[in-house]
Every structure is written in C-alpha cells, then in structure tokens.
Amino acid sequence: VAHQYFGERVSYQPQSSIANVYRALSPEIQYACIPLANSTHGSVIETFDLLRDSRWGNEVSICGETLLKIEHCLVVHRSSSRSTKPSEDRENDTMGSITAVISHEQALGQCTNWLATHLPKAKQIKTSSTSRAAQMISDGTILDDAEGGLVAAICSEICVHTYPNLTILTRNLQDRNDNQTRFIIARHDSATDSPIVTRTIDPSPHRLLLRTNIGEMPVHSLFERLASSRFWKGVRLERMDKRPCLDGSGPLWSDVYFFEFSIRPNDTPFSLKREVHRLQVDLELDGSSVALLGTW
C-alpha cells in the first residue's frame, strides 16, 4: 500500500507490526502507512490505541489517506505441498492437513465465512500483521502445530513475492469482493521541507481528525458543546470512534473520543485553524481537551 501511494520516489522499511510502523516515524523514516478501518471488519483497534499517544498533533500528524482493495490468499511453506499427485489432488491433501491458520485478526475476521466453510476445525492464531504471518511460514518459525498438523497463513499475494518458500493454495478468501482497507498517511514533523510533502498534501484540506479527552465532562455535554460551536457549522461529522482513556486524566471507565470531519463547502469564510483553537478553548474550560491529529 505504501508503494501504491508513494511509488518509486522513496525507499521502504518494512515493519513487523502496526505499532512498530508508528514507532518508526522519526527524522530517518518520515512517513508511514497505517491501517485505520476495514469496510467489512470495522475500525483497526491497534491504530486507535496508538492514536491516543501524545506524539500525535505534536511531532506526528496525518497528512493523507489511501484505499487498498483486499484480496487474501492462503499460503503454506513450499515443502508442505510437494507431492507427485495431480495439482488438484495435491491441493486437497494439503488443505486436509491444515489444523491452524495464522494471520492478523482483521484478516481472520475478513475471511470468517471462508474459514468456517473450508477449514472449520482449524485453530485461528493471531499475529501482529499479515506479512508477519507470511514471514513466519517462510522462515520456518511455525510450520506445524502442537498436534502435528500443518499451519497456513492468510496474507496478500505480494507476500509470496516478498518472502521465499511460500506456495499459494487458494486465492480470494475474503468474504466480500468489494472489501477495502483505508490507510492514513502519517508524517513526522521533520518532513516539513521534503519534496514529498508538496505531492501528497492538499493545500486545501477537506478532512480532519480530532481526539477529545473529556475527563469528568458528561458525554452529552461534549456533544452539546460541539453542536453549539461555530466549528460545527463548517464541518460534517463522518465517523466517531472511542477507546478507553489510559492516562489517568479521567475517572474509571472514561473514554477518549475520535471525531473525523469533512469540511463543508461554504460561501462564508471558514478558518479551520481558528475554529479548532476556539473549540479547544471552550472544551478546556470544562476540563476537557482537544488535539488536532491531522488535516488532509
């Protein structure tokens, strides 16, 4: 997905998990592609957990997005599918030997129906990413489970070209053929003067993501504040997510809210920066806080 967005103009540094992708953002690695949500399996919880971090809105921000059509494959180690039988019989024998499937939980969820139909007894084991699952099969980290059965991985076809020793058993496992994952493009602040910025950031942003920590404020008061603000008149709410607050700033069971807005086309001037600042001031008076995580 990163190559789809940036092309040949940059070098790439693969990471083993979503968290590692985020942590890698630095003056040395200035951009990252991070999955935000899937059209069939919903929000990527790991990403929203990371969006609670204080680096967002300070040294790291969102500057773009891209969509990736999801097409999952079932792969095994090449040595697992060697046989003198015809291709179809060999595939059936290999499928019949699979007792465990490893992949990221999003991929497992996106292939629920296929797994229930074709591998109903196979254990499903979560990994940090689909590419990590493919890598584990490729390098022999995990080939057989404790019961002596075969372990397969769900990943994209590009993993077969990235890691050696992999064989595709079957393609298009996803439950819906229109399955897509939405990725945000994150940027480290040191990339401000990079030539990539002029290519990837729209000078007139039409999306923004806010993080709100409401502290002791009742949830209904938050929405009343938003609805009565001038900020609300210039934007349209597109989605809302929430995750538990972990920094101790609120009572037990308090949450951090994420609001994604699109900017309304409006004949009256609308200063995004000014109105976000006003909203921050209003909410801080009630013991809450607002962070702008990015505009794009």
Side-chain angles (χ1 to χ4, degrees), residues 1 3-4 14-18 33-47 67-183:
V1 66
H3 188 272
Q4 171 183 297
Q15 303 295 324
S16 60
S17 67
I18 294 172
C33 292
I34 302 175
L36 186 71
N38 178 262
S39 58
T40 62
H41 204 58
S43 300
V44 180
I45 298 302
E46 294 153 274
T47 297
L67 291 173
L68 179 68
K69 188 177 187 302
I70 301 300
E71 296 177 334
H72 290 302
C73 299
L74 187 73
V75 304
V76 294
H77 195 275
R78 186 173 299 157
S79 63
S80 304
S81 60
R82 289 176 181 171
S83 172
T84 57
K85 293 183 179 180
S87 175
E88 185 175 346
D89 292 339
R90 182 168 66 246
E91 180 179 315
N92 289 337
D93 283 352
T94 304
M95 287 281 289
S97 301
I98 295 172
T99 55
V101 178
I102 62 173
S103 196
H104 188 270
E105 64 178 334
Q106 281 269 335
L108 293 171
Q110 293 159 25
C111 302
T112 297
N113 293 338
W114 190 94
L115 289 168
T117 300
H118 298 278
L119 294 171
K121 297 181 180 180
K123 292 180 293 187
Q124 298 179 26
I125 302 171
K126 298 175 184 178
T127 57
S128 58
S129 66
T130 54
S131 60
R132 176 57 182 154
Q135 185 182 29
M136 291 170 70
I137 298 293
S138 171
D139 62 19
T141 300
I142 179 169
L143 295 178
D144 305 301
D145 69 1
E147 300 171 3
L150 184 64
V151 178
I154 293 176
C155 60
S156 64
E157 187 166 350
I158 194 171
C159 290
V160 178
H161 305 293
T162 303
Y163 302 110
N165 305 317
L166 296 178
T167 295
I168 296 176
L169 288 183
T170 187
R171 293 175 169 83
N172 294 321
L173 314 186
Q174 63 278 359
D175 294 337
R176 291 185 54 156
N177 287 328
D178 59 354
N179 187 19
Q180 292 183 327
T181 294
R182 185 178 176 218
F183 287 77

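Everything numeric here is computed off the predicted structure, so don't read it as measured data.
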On a heavy-atom basis, the closest approach of Asn38 and Ile70 is ND2-CG1, 4.0 Å
Beyond-backbone contact of Phe183 with Leu68, side-chain heavy atoms, under 4.5 angstrom = yes
(Q) Please check this pair: side chain of Lys121 against backbone of Ile98, looking for a donor-acceptor N/O pair closer than 3.5 Å. (A) no
Applying side-chain hydrogen bond (donor to acceptor under 3.5 Å, both in side chains) to Asn172 and not counting sequence neighbours gives Gln174
Residues passing the side-chain hydrogen bond (donor to acceptor under 3.5 Å, both in side chains) test with Arg182, sequence neighbours excluded, are Glu65, Glu260
Just distance, no hydrogens or angles: give the donor-acceptor pairs under 3.5 Å from side chains in residues 157-165, sequence neighbours left out.
{"unit_1": "Glu157", "atom_1": "OE1", "unit_2": "Arg171", "atom_2": "NE", "d": "3.3"}
{"unit_1": "Glu157", "atom_1": "OE2", "unit_2": "Arg171", "atom_2": "NH2", "d": "3.1"}
{"unit_1": "Thr162", "atom_1": "OG1", "unit_2": "Ile158", "atom_2": "O", "d": "2.8"}

Heavy atoms of Val76 and Ala152 approach each other most closely as CG1-CB, 3.7 Å
task = Would you check if Ile168 and Leu74 make a side-chain contact, meaning some heavy-atom pair closer than 4.5 Å?
result = no
Hits for side-chain contact (heavy atoms from CB on, under 4.5 Å) against Ala122, two or more places apart or cross-chain, chain-then-number order -> Val101, Leu119
Tightest non-hydrogen contact, residues Ala134 and Leu166, listed as O-CD2, 3.8 Å
Nearest heavy-atom approach of Thr130 to Ala107 is CG2-CB, 3.6 Å
*From CA spacing to verdict: side-chain hydrogen bond (donor to acceptor under 3.5 Å, both in side chains), His104, Glu46*: CA-CA 11 Å; His104 188 270; Glu46 294 153 274; 2.5 Å; yes
So the salt bridge (Lys or Arg N to Asp or Glu O under 4.0 Å) pairs with at least one residue in residues 124-139 (sequence neighbours excluded) are Glu105-Lys126
With sequence neighbours left out, the residues meeting side-chain hydrogen bond (donor to acceptor under 3.5 Å, both in side chains) with Thr127 are none
Minimal heavy-atom distance between Cys111 and His72, with the atoms involved, is SG-CD2, 3.6 Å
Open item on the list: So does Ile154 get a backbone contact from the side chain of Ser103, meaning a donor-acceptor N/O pair under 3.5 Å?
Closed with: yes
Handout entry: Check: His77 and Thr167 side chains under 4.5 Å, non-hydrogen atoms
Key = no
In this structure, CG of Asn113 is separated from CG of Leu173 (nearest 0.5 Å) by 11.5 Å
Applying side-chain contact (heavy atoms from CB on, under 4.5 Å) to Ser43 and not counting sequence neighbours gives Phe48, Arg239, Asp241
Looking only at heavy atoms, the pair that brings Gln180 and Lys69 closest together is CG-CA, 4.3 Å
When rounded to the nearest 0.5 Å, the distance separating NE2 of His41 from CG of Asp175 is 10.0 Å
For Ser156, the side-chain hydrogen bond (donor to acceptor under 3.5 Å, both in side chains) test, sequence neighbours excluded, returns none
Across all chains, not counting sequence neighbours, the side-chain contact (heavy atoms from CB on, under 4.5 Å) partners of Gln15 are Gln13, Asn20, Val21, Ala24, Ile29
Thr47 side chain vs Pro35 backbone, donor-acceptor pair below 3.5 Å
yes
Check whether any side-chain heavy atom of Thr94 sits under 4.5 Å from a side-chain heavy atom of Leu150, and report yes or no.
yes
Polar side-chain atom of Gln135 near backbone of Ser131 as donor-acceptor pair, under 3.5 Å: no
(Q) Counting C-beta onward and ignoring hydrogens, is there a side-chain heavy-atom pair between Val44 and Leu36 closer than 4.5 Å? (A) no
Distance col, row Ile18:CD1 vs Ser128:OG, nearest 0.5 angstrom, shows 8.5 Å
